[in-house]
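In what follows, chains carry the letters A, B, and so on, assigned in the order in which the sequence lines appear, proteins first and then strands, with residues in each chain numbered from 1.
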2 protein chains.
Amino acid sequence: MQSKRNFSAKREAIYAALASTTLHPSAEWVYEQLKPELPGLSLGTVYRNLSVFKEIGLARSVGIINGQERFDANMMQHPHFICQKCFRILDLPAGYYSPGKNLYKMLERECDISVEMHSMTFYGLCSRCR
Amino acid sequence: MQSKRNFSAKREAIYAALASTTLHPSAEWVYEQLKPELPGLSLGTVYRNLSVFKEIGLARSVGIINGQERFDANMMQHPHFICQKCFRILDLPAGYYSPGKNLYKMLERECDISVEMHSMTFYGLCSRCR
DNA sequence: AGTTGAATTAGTAATTGTTATTGATTTTGA
DNA sequence: TCAAAATCAATAACAATTACTAATTCAACT
């Protein structure tokens with residue numbers, strides 16, 4: 001099992017690259033980032049390991065922006081902001097909006113669904129683009 | 001003189017198909033739906049016209065779910081619910097959560113961004129799947 | 001009705017992000 | 001030490017979408 005085993009050097013590097021930035025990168029970005037230090041790395045390995053991180057709860061998808069899936073190693077629930085021009089993804093402080101279990105419960109009761117999580121995303125122009 | 005061309009019959013049919021359902025369909029779905037009545041329709045035409053609708057503000061993307069982009073002709077701001085098992089997308093009543101211009105303004109002030117819109121999505125299991 | 005020119009289309013090819021396969025290499029555990 | 005399991009790079013395969021091209025449609029104006 002993954003949890004008992006230590007990460008391989010490459011898996012470790014991929015996680016470190018993802019965790020060290022708030023850019024919410026794509027697989028491609030992680031690959032380009034690591035290529036200089038790990039010349040033998042392949043893009044497929046990056047994709048595979050990002051999937052592993054999602055499975056074991058070390059990362060999540062922020063969605064597919066401009067055709068590419070974007071990842072986040074910050075597992076705290078927080079809203080995102082996506083710049084419609086440059087496709088930067090910014091973290092917003094959770095304080096601005098955080099629906100609690102009460103909202104989940106109300107939705108479950110009123111809409112006959114079970115709610116596991118939510119995602120809140122704002123769109124507009126970032127400071128550089130506007 | 002400027003062209004006063006109305007929607008072509010096919011463009012009209014594609015829009016009607018999209019607007020007549022709350023399934024938040026994919027391009028493929030619209031295509032399959034219309035094929036019986038419009039045997040000469042091509043999938044590329046569906047894709048192209050869905051893009052047109054997005055551009056002119058007659059439809060929006062609900063995101064890429066399970067690899068396929070899903071569309072919505074309901075331009076009212078409202079939250080969505082995505083079933084993690086069957087990938088149904090349900091509309092939720094806007095009343096359960098609707099951040100106003102005041103939240104937008106606060107974000108603009110505090111985070112140095114300009115906010116144009118937001119999207120709120122809940123995930124879980126629908127009534128059929130849970 | 002005929003002409004014109006831009007918009008729209010079908011059909012197909014090309015592109016793109018992602019996943020699966022393969023065969024080699026390394027690691028693990030006994 | 002040795003065999004099974006895990007991991008890997010490289011490449012092929014895949015599916016959704018977009019781009020291209022030549023043909024057709026349609027409104028505006030004769």
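In this structure, A/Arg70 does not pair ionically with A/Glu28, as no charged nitrogen and carboxylate oxygen lie closer than 4.0 Å.
Using modelled atom types and a 3.5 Å distance limit, the side chains of B/Asn74 and B/His24 yield no donor-acceptor pair. The closest side-chain donor-acceptor pair between B/Arg48 and B/Thr45 falls under 3.5 angstrom.
Whole-Å rounding puts the A/Glu12 CD to D/dT7 C1' distance at 15 Å. Distance NZ (A/Lys10) to P (C/dT27): 11 Å, rounded to an integer number of Å. Whole-Å rounding puts the A/Tyr31 OH to D/dC8 P distance at 14 Å. Rounded to whole Å, atom C1' of C/dT9 lies 15 Å from atom CG of B/Leu34. The distance between atom CD1 of B/Ile56 and atom P of C/dA7, rounded to the nearest whole Å, is 14 Å. Rounded to an integer number of Å, the gap from B/Leu50 CG to C/dT9 C1' is 15 Å. When the P atom of C/dT26 is taken as reference, atom CZ of A/Arg11 falls 18 Å away, rounded to whole Å.
Remark: aromatic rings of A/Phe53 and A/Tyr15 are close, center separation under 6.0 Å.
Formation of a donor-acceptor pair under 3.5 Å by the A/Glu108 side chain with backbone atoms of A/Val115 is found in this model. Judged by distance alone, with hydrogens and angles left aside, the side-chain atoms of B/Ser20 form a donor-acceptor pair with the main-chain N or O of B/Ala16 at under 3.5 Å. Remark: the backbone N or O of A/Tyr47 is not paired with any side-chain donor or acceptor of A/Tyr31 at under 3.5 angstrom.
A close approach under 4.0 Å does occur between a side-chain nitrogen or oxygen of A/Ser8 and OP1 or OP2 of D/dC8.
No side-chain heavy atom of A/Leu41 sits under 4.5 Å from any side-chain heavy atom of A/Pro39. Between A/Met117 and A/Arg60, every side-chain heavy-atom pair lies at or beyond the 4.5 Å cut-off.
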How would you summarise protein contacts on nucleotides 10-25 of chain D per nucleotide, using B for base, S for sugar-phosphate only and - for none, with heavy-atom distances below 4.0 Å?
B-----SSB------B
Between N or O atoms, less than 3.5 Å apart, protein on one side and nucleotides 22-24 of chain C on the other: list the pairs.
none

